[in-house]
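One structure is given here, and the rest of the page talks about it.
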Amino acid sequence: QVQLVESGGGLVQAGGSLRLSCAASGRTFSSYAMAWFRQAPGKEREFVAAISWSSTRYYADSVKDRFFISSDNAKNTVYLQINTLKPDDTAVYYCAAKSVPRYYTTRADYTTGYDYWGQGTHLTVSS
């Protein structure tokens, strides 16, 4: 099965930037999606960004202008570039993956239903 390991979190000042990484191993799928979720202190987990097997990208409205998701299939890795960090970005960031039907074409198809999860990486943004 698929194993996911996140890295790249840490303590960063507001206004800065960083890139989170998620390394995947195990079986892969011909049609799949990878995503990032986050859980802020005292809040529920929320969708952040996703990338499909065809490299279509989806973002939460709250992060669309500052976050960028990408993948490197040769390295079996997905990234989340975060720019202009805000204190509200403080959270545990989780990588997720799932096999998806090729007819999945809308944003809603990529925001839920993930089967594989990493352990998370902590990001703290100071003001």
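Here the structure is a predicted model, which is why all the values come from computation and not from measurement. Along the sequence shown, residues carry numbers from 1.
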I51 CD1 to F68 CZ distance, which is reported to the nearest 0.5 Å: 7.0 Å

By side chain to side chain donor-acceptor pair (under 3.5 Å) - contacts of S54 (at least two apart): S52, T56

pair Y94-V92: side-chain heavy atoms closer than 4.5 Å: yes

Heavy-atom pair with the smallest gap, counting every atom of A40 and T90: CB-O, 3.6 Å

Separation between CG of L18 and OH of Y93, rounded to the nearest 0.5 Å: 8.5 Å

With sequence neighbours excluded, residues passing side chain to side chain contact (heavy atoms under 4.5 Å, CB included) with A23: T77

Single-linkage hydrophobic cluster, 4.5 Å side-chain cutoff, Y79 and Y114 together: no

Pairwise salt bridge (charged side-chain N to carboxylate O under 4.0 Å, His left out) hits with a residue in residues 2-22, at least two apart: none

Minimum heavy-atom distance between A33 and V100, given as atom pair plus value: CB-CG1, 3.9 Å

Sequence neighbours excluded, every pair satisfying side chain to side chain donor-acceptor pair (under 3.5 Å) that has a member inside residues 118-127: none

Heavy-atom closest pair, residues A60 and R107: CA-NH2, 3.6 Å

Qualifying residues under ring pair (Phe, Tyr, Trp, His ring centres under 6.0 Å), relative to Y58, sequence neighbours excluded: Y110

Ring pair (Phe, Tyr, Trp, His ring centres under 6.0 Å) involving F47 - partner list, sequence neighbours excluded: F37

Set of side chain to side chain donor-acceptor pair (under 3.5 Å) partners for Q81, sequence neighbours left out: N83

Within residues 63-92 or reaching into it, pairs that qualify as salt bridge (charged side-chain N to carboxylate O under 4.0 Å, His left out) - sequence neighbours excluded: R38-D89, R66-D89

V78 vs W36 side-chain heavy atoms within contact, under 4.5 Å: yes

Residue pairs passing the disulfide bond (SG atoms under 2.5 Å apart) test where at least one lies in residues 58-92, sequence neighbours excluded: none

Side chain to side chain, V48 and L80, heavy atoms closer than 4.5 Å: yes

Separation of Y32 OH from Y116 OH (nearest 0.5 Å): 14.5 Å

Note, I82 side chain near V12 side chain (heavy atom, < 4.5 Å): no

Non-neighbouring partners of S25 that pass side chain to side chain donor-acceptor pair (under 3.5 Å), sequence neighbours left out: Q3

For S7, side chain to side chain contact (heavy atoms under 4.5 Å, CB included) partners two or more places apart: S21

Distance (rounded to the nearest 0.5 Å) between F67 CZ and L85 CG: 7.0 Å

Heavy-atom closest pair, residues Y59 and A49: CD2-CB, 3.6 Å

Summary of disulfide bond (SG atoms under 2.5 Å apart) pairs that have at least one residue in residues 98-127, sequence neighbours excluded: none

Within-4.5 Å side-chain heavy-atom neighbours: S71 and M34: no

